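In the text below, chain A, chain B and the rest are named by the order of the sequence lines, each starting its count at 1. In what follows, every heavy atom counts, from backbone to side chain, and hydrogens, waters and symmetry copies are set aside. Because the structure is a prediction, the values reported are computed rather than measured.
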Amino acid sequence: MNIFLAIITRDLLLAVRQGGATFLALVFFLLTVTLFPLGIGPEPAILARVAPGVLWVAALLAAMLSLDRLFQADFEDGSLEQLTLSGLPISLIVLAKIITHWLTTGLPLLLAAPVLAILLNMDNEGFAALLLTMLIGTPALSLIGAIGAALTLTVRRGGVLLSLLVLPLYIPVLIFGVSGIDAAVHGLNAKPHLLLLAALTVAAIPLCPWAAAAAVKLSLE
Amino acid sequence: MNIFLAIITRDLLLAVRQGGATFLALVFFLLTVTLFPLGIGPEPAILARVAPGVLWVAALLAAMLSLDRLFQADFEDGSLEQLTLSGLPISLIVLAKIITHWLTTGLPLLLAAPVLAILLNMDNEGFAALLLTMLIGTPALSLIGAIGAALTLTVRRGGVLLSLLVLPLYIPVLIFGVSGIDAAVHGLNAKPHLLLLAALTVAAIPLCPWAAAAAVKLSLE
Amino acid sequence: MGNMEQFLSMGGYAGFIWPAFGIVLIVMAFLWIASMRSWRKSEQALASLRQHRRQRGDIEE
Amino acid sequence: MSIHYFANPARFTRLAGRIQPWAGGLTAVLLLIGLYMALVEAPADYQQGDTVRIMFVHVPAAWMAMFCYTFLAVASAVALIWRHPLADLAAKASAPIGASFTFLALVTGSIWGKPMWGTWWVWDARLTSVLILFFLYLGYMALWEAIEDGQKAGKAAAVLALVGAVNVPIIKFSVDWWNTLHQPASVLRMDGPAIHSSMLWPLLIMALAFKAYFVTLLLARMRMELNLRRIRAMRLAERTS
Amino acid sequence: MFQGRDIACERGERRIFTGLNFTVAPGQALVLQGPNGCGKTSLIRIAATLLKAADGALTWNGIDVAENPEGHRANLHYIGHQDAVKGALSVRENIAMWARIRATTDDQTEAAMAAFDIAHLADTPTQYLSAGQHRRTALARLVASPAKLWLLDEPTVSLDQAGTACLQQAIAAHRAKNGMVMAATHIELGLDDAQILQLQPQLMTL
Amino acid sequence: MFQGRDIACERGERRIFTGLNFTVAPGQALVLQGPNGCGKTSLIRIAATLLKAADGALTWNGIDVAENPEGHRANLHYIGHQDAVKGALSVRENIAMWARIRATTDDQTEAAMAAFDIAHLADTPTQYLSAGQHRRTALARLVASPAKLWLLDEPTVSLDQAGTACLQQAIAAHRAKNGMVMAATHIELGLDDAQILQLQPQLMTL
Ligand code: HEM
Ligand SMILES: Nc1ncnc2c1ncn2[C@@H]1O[C@H](COP(=O)(O)OP(=O)(O)OP(=O)(O)O)[C@@H](O)[C@H]1O
Ligand SMILES: Nc1ncnc2c1ncn2[C@@H]1O[C@H](COP(=O)(O)OP(=O)(O)OP(=O)(O)O)[C@@H](O)[C@H]1O
Ligand SMILES: [Mg+2]
Ligand SMILES: [Mg+2]
């Protein structure tokens, strides 16, 4: 447990030191969302209509882009093999890193989403659902993403391959996330969507660290 | 001139060997475009309305993501400093790399765009304009992006910082690109938009390699 | 002759049906040929490598 | 017979050598019969006209797209859990075949869609999940390509295949869910007319032809991969010693 | 007592060596020598369980390491080609961080910096260090948290004579406390009565 | 003749050294020695114009290098800590590629591989090489395309004795053809009558 916490503290410290990773993932989210009104024109009705989708797609991309930080830096400078020699099972090391990833990526996105929703003129009814789906869904993004990040570790410049592996796996999160918000916007019951999303996240908690650990072990050989 | 061509051949060879970079930038473009209908729903009319914007935003993101390949790998393994010692001025080395980047990224995006336009149900009138704006605009993406890639060279995991630097600079390309297509779709004259876009690209050709070279020189110190 | 034309026109949908069948056959044929060719090439390469080694008197695998 | 019975590559090669010509011949014969029945014998549909003939390639291709992924996932599981040395190769060999069939299902479906729905593509649940399946195949093959060391690549790809296999039903389910919420139930009705026996036969024969095609190519590609693996080991040893 | 029996190693589908035996007793040092490419790094990584042996077994006091790999890992320090030093953190932070991750109760960070003569750099971010200073920071981990077995892969790379002397002293102190050392090197390490394991190039196909 | 006069170096807002003079005549070798962090790497990178000197001037046959830096760069080979070797390319491809990029008319790739005894690895992707084999591939660049001045920063890292001997021979042959060598090292390089430049740690704040 001590080691587990030590790893999380270390990763948070590094995130803060290395040019504020937190701040930057957020900025990518912000920028992508801002590009949309520029791309599709400023009509409020259309923006409101596409807002939940754009927000979730941008969140997906921001989370995915920050994934390559997850193991790569530690892998390249030899820290990852040192971590596996700490005596903690690799799946727990992976879990610690997933938690840091969520704290530095998912959480800021969650906090920024309402502001961007206002910019996109989203219906007021959707705000609670937006926050809830993001709260439940973003951990799944970090969990699933860890598998892709681990698989592409030994691949030089794996960033784009990472997206090919991870984005298809993200699609259920996207769909349940958006449909939860849409249901709320249209005055329908959002609960079934939220429950499905929660089921997804809960199922990912034991499965993903295990699969990612297998992939990490491979790339250290 | 010999050295210039030698660098381009080398980079193309590496692109082919290293897991088909070409193929992957393309796939990212395809995937992002696919995410949108999943996010904003399948209604053909709405999709057609947002198609030019979505295509250009996705192209922007795909080009930007492949930027970190531009100098980073060569920087990390010491090849970049060896290249600068080849006796060719650094700005020409940068230009060679920009050309390779366009050949492996811009060109494939250009070729894939019409297929995706069909998926997004874009109006038939827009296809010619789509191809033209992409042909004129994507070189500008590679040129401008090189500056960002060079500036973030010494930044560990600079990917997100890169997007923060580059995306704002991409906005004019996005706006002129989309408005060219929109004009064509609505039966208006697309020519002024295309000319503005071309002016942008032409202006970037001498400026960007020079600025990027200065940044590269800095990061080697 | 008219029969043939009628067959080829596919009730006015020739522009859809023939491309559909065409692309299926093309893709399947392409993959078939590519697979068979690379398999044969690999057999030859292995055989020549083995012979080369036998000539040098190496122990096989 | 133990699970490792066929692990002996020599035994596999012998067996494959015996089956492969038969499977190849069967493919050719079935395909010829199937095409004749599909294009000539089968009647045009009273509603869809001659376009219904596209069904005879579209539906078998769609079936094969799903079958190949199942095969790939099972082979990957066998490779990871029992470390069966041929399972890796079977999974790798089946991926391009599956990807091709998926591509064909998409293209023939699109071509069919234009006359039937008046558009090449709609974001219908079934169409969307096939498109995503296509991406899963691409990712699987790209991962094999990207990792140089064959053994590592095999294991990494197997992990991905299994994760993908868990995800396929979830995608299917979620896309269905998503679609029912947005899609105005107008254009799309896949349940269509009940199938006549005059249409069932060509369909079944084409489906069998595709299966035989799969078996033939699978065997050829597995033998190729096996050869390449041996060649690489021999070359590397030669160079470095 | 750390032993390897009949170890074989495969890399890239080739056998690098087979039938290798070694023993490191408490207080002992084992030096691996041999030409480039003979498998020194591979053997050290096998001993650290970072690489799987194609054959053979490692035992720790007679018990197979495979039974409790995590326990074995917690018993050892591995210094490889890569320094595992973060440029954004200072020398002290780097060393202390690894001590914490190894669940060290008695943190020896200051002593470690003194042992490798980098105390004056304690607050310098490691990205500003020269190659040798960087290497010393990595080596300081050995002293900062205790471990019974040290696995060192060419530890003197980039070190000057003073740095090599620091390392020799650290090794001597470790062995005096019944520690074990396994080191691969091309140059003379100057260890007292170390056993030498000479690896031969013996590539074979499978 | 390559000269540096009154060179000063600043890194991270600190002076590393000042007033440094050196001369390398054709056929001569200059060996830089000194403890970790004294500025050997920095000096070599200044000589390669990869780093700007805070003060002083470099001259090539009496002409200031700053007047035509590209020409100077084309005259030299620099081997640093990083090997500039691509894992996806084979040994031969790597060496030939650099020869082409240096606009070599008379490509000596095969001779270079022979000189460093890696001809048997010619078609192996370099990602499968051991540390020493990797280093030899980097060093082979020196022979594959001619350059008057060799700048070597700890060139023997990871090399075994045979590899070091290859390098010594290559340097001797280079000097016999009136080539110049500047090398930083911690171990004895065994060069005939090399000048030695001993750098002292003289850190100062600005
Ligand atoms: C790109 C577009 C299309 C895709 C990706 C696609 C995909 C599929 C798939 C995956 C199946 C197999 C489903 C199963 O057996 O569970 C299927 C079957 C079928 N498709 Fe398509 N399809 C497309 C377009 C069309 C069109 C335009 C039509 C006709 C209007 C059509 C008619 C059928 C029929 C009749 C079946 C057989 C249904 C059954 O066995 O229950 N498809 N398609
Ligand atoms: N990742 C790898 N994949 C395939 N082969 C490898 C890999 N790493 C090393 N090898 C090969 O394994 C052999 C042993 O490598 P190893 O790194 O253990 O040698 P070493 O004794 O440490 O050599 P050096 O003195 O050069 O560091 C070499 O022939 C090398 O080519
Ligand atoms: N990028 C940098 N920024 C700031 N300071 C640096 C940087 N690189 C090196 N230094 C400092 O400059 C000094 C000289 O470093 P240099 O790498 O030239 O030493 P060196 O003689 O090569 O040492 P070594 O033998 O350890 O390789 C060191 O004190 C180091 O801390
Ligand atoms: Mg080694
Ligand atoms: Mg140095």
Would you list the atom pairs, donor with acceptor, under 3.5 Å between side chains in residues 33-40 of chain A and any protein atom, with sequence neighbours excluded?
unit_1	atom_1	unit_2	atom_2	d
A:T34	OG1	A:L30	O	2.4

Run the side-chain donor-acceptor check on residues 122-141 of chain B: report pairs under 3.5 Å with partners two or more places apart or on a different chain.
unit_1	atom_1	unit_2	atom_2	d
B:T133	OG1	B:A129	O	3.0
B:T133	OG1	B:L130	O	2.9
B:T138	OG1	B:W102	NE1	2.9
B:T138	OG1	B:M134	O	2.6

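Side-chain atoms of A:N121 come within 3.5 Å of backbone atoms of A:P44 as a donor-acceptor pair (strictly under, hydrogens ignored).
Looking at A:L60, only its side chain comes within 4.5 Å of chain B, counting heavy atoms on both sides. Within the 4.5 angstrom heavy-atom criterion, only side-chain atoms of A:V57, from C-beta onward, approach chain B.
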- Task: Determine, step by step, whether A:R49 and A:E43 satisfy the salt bridge (Lys or Arg N to Asp or Glu O under 4.0 Å) criterion, reporting the C-alpha distance in whole Å, the side-chain angles of both residues, the deciding distance to 0.1 Å, and the verdict.
- Result: CA-CA 10 Å; A:R49 169 72 189 73; A:E43 290 156 53; over 6 Å; no
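Highest contact tally toward chain B, considering only A:T32, A:V54, A:L61, is held by A:L61 [criterion: heavy-atom pairs under 4.5 Å].
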